[in-house]
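One structure is given here, and the rest of the page talks about it.
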Amino acid sequence: MQTQNQKVHLPILKEKKISLYIKREDLIHPLISGNKYRKLKYNILAAKEKKQNCILTFGGAYSNHIAATAYAGKEQGLRTIGIIRGEELKDKWQNNATLCLAKEHGMHFKFVTREAYRFKETSEFINKLKEEFNDFYVLPEGGSNSLAIQGCEEILTPEDNVFNVITSAVGTGGTIAGIINTSKNNQKVIGFPALKGNFLQEDIRKFATKINWKLQNKYHFGGYGKVSPELIMFINTFKKETNIPLDPIYTSKMVYGLIEMIKEDFFIPGTKILAIHTGGLQGIKGMNAVLKKKNQLEIVE
Ligand SMILES: *Cc1c(COP(=O)(O)O)cnc(C)c1O
């Protein structure tokens, strides 16, 4: 599956002689993150090959991966189980847009305490789950395993060789590892982590076969899921000016950071940049519900 590259027109790009294109992976599906879809592709084939009819995975209440797994499971005729962080959600998941979306697509939830969730990848925990649910195909949190990377290696196509710089938002690092592996040695891949902390470098190295990449750690806005009124304003302005919607968790932080770097002359004039829009738009509803409660500026849908 190949998605289109959309040229972005903004005065700052003209002024700095930078050309910026956005790869619209968000258009793969209106609610399901493009990169999650790609991460699931070969895992679903593997589950079917193993004659597994059930996929079990993990995530928080706003997880794009949880929403995507539920959707793909329904589409492919597989049962899905979501181990959800936060036992308190047991009685109020109905107020959460992401979990409602997953439930609509047939996902069965098991809510666990934050404490138990930390041990979710241990064999002890998995064995207990097997007693409860029989056999299943396990996908890690965020969906990043080697088959997921293989799927993300299909994001870039030979036509993208004309770009000097490729950028992606980073969560677990699986998506960018796939992008790095298909990039050319003369291209530079820059990742924008949506989380605070430097542990990602190692995770990416595990799966990436090249060294033409680096992380820009300045634009996480306080950490995973954190937003500021300035970021929300940026999302709304960017949509008005380019007609491209950005999500509050990942892609807006990347584009915000990228524009800041362009303003600061990080890139030489003539640089051609391709920013990957990984999707995440299903998260807007949930974020708006939180912002509304706090009486803060909301994202225009
Ligand atoms: C999950 C996600 C990412 C991060 O992908 P990783 O492979 O975990 O690094 C980026 N953007 C969006 C929209 C996502 O949903």
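Hydrogens, waters and symmetry mates are skipped; everything else that's a heavy atom, side chains included, is used. Start at 1 and go down the list; that is how both ligands and their atoms are numbered.
Taking any N or O of Gly171, backbone or side chain, at least one lies under 3.5 Å from an N or O belonging to ligand 1. Not a single N or O atom of Tyr250, backbone or side chain, sits closer than 3.5 Å to an N or O atom of ligand 1. For ligand 1, the polar-atom distance check against Thr175 finds a nitrogen or oxygen pair separated by under 3.5 Å. For Gly173, a nitrogen or oxygen atom sits less than 3.5 Å from a nitrogen or oxygen atom of ligand 1, counting backbone and side chain alike. Residue Asp247 has no N or O atom closer than 3.5 Å to an N or O atom of ligand 1.
Set against the non-hydrogen atoms of Lys39, the atoms of ligand 1 under 4.0 Å away are 5 (O), 6 (P), 7 (O), 8 (O). Within the listing of ligand 1, atoms 13 (C), 15 (O) sit less than 4.0 angstrom from a heavy atom of Ser33. Applying the 4.0 Å criterion to heavy atoms of Gly280 picks out, from ligand 1, the atoms 13 (C). If you number the atoms of ligand 1 from 1 as listed, the ones under 4.0 Å from a heavy atom of Asn64 come out as 13 (C), 14 (C), 15 (O). If you number the atoms of ligand 1 from 1 as listed, the ones under 4.0 Å from a heavy atom of Gly279 come out as 13 (C).
Under a 4.0 Å N-O distance rule, the pair Lys110/Glu132 qualifies as a salt bridge.
The shortest heavy-atom distance from Lys36 to ligand 1 is under 4.0 Å. Under the 4.0 angstrom criterion for non-hydrogen atoms, Val170 is in contact with ligand 1.
Geometric assessment of Lys196 against the ring of Tyr224 yields a negative cation-pi assignment under the 6.0 Å and 45° thresholds. Cation-pi contact between Lys36 and Tyr250: present, with separation from the ring centre below 6.0 Å and deviation from the ring axis of at most 45°. For the pair Lys103 and Phe109, the cation-pi criterion (under 6.0 Å, within 45° of the ring axis) is fulfilled.
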Check: residues 90-101 side-chain donor-acceptor pairs under 3.5 Å, at least two apart:
from	atom 1	to	atom 2	distance (Å)
Asn96	OD1	Thr98	N	3.0
Asn96	OD1	Leu99	N	2.8
Asn96	ND2	Ala61	O	3.1
Thr98	OG1	Gln282	OE1	3.0
Thr98	OG1	Gln282	NE2	3.4

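Nearest protein neighbour of atom 5 (O) of ligand 1, counting heavy atoms only, is Asn35 ND2, 3.1 Å. Looking only at protein heavy atoms, the nearest one to atom 11 (N) of ligand 1 is Thr278 OG1, 2.6 Å.
Formation of a donor-acceptor pair under 3.5 Å by the Asp160 side chain with backbone atoms of Thr157 is found in this model.
Remark: Lys293 engages no residue in a side-chain contact (heavy atoms from CB on, under 4.5 Å) (not counting sequence neighbours).
The aromatic rings of Phe234 and Tyr256 sit perpendicular, their planes meeting at an angle over 60°, well past the 30° parallel limit. Ring orientation note: the planes of His108 and Phe133 are nearly perpendicular, at an angle over 60° on the 30°/60° scale.
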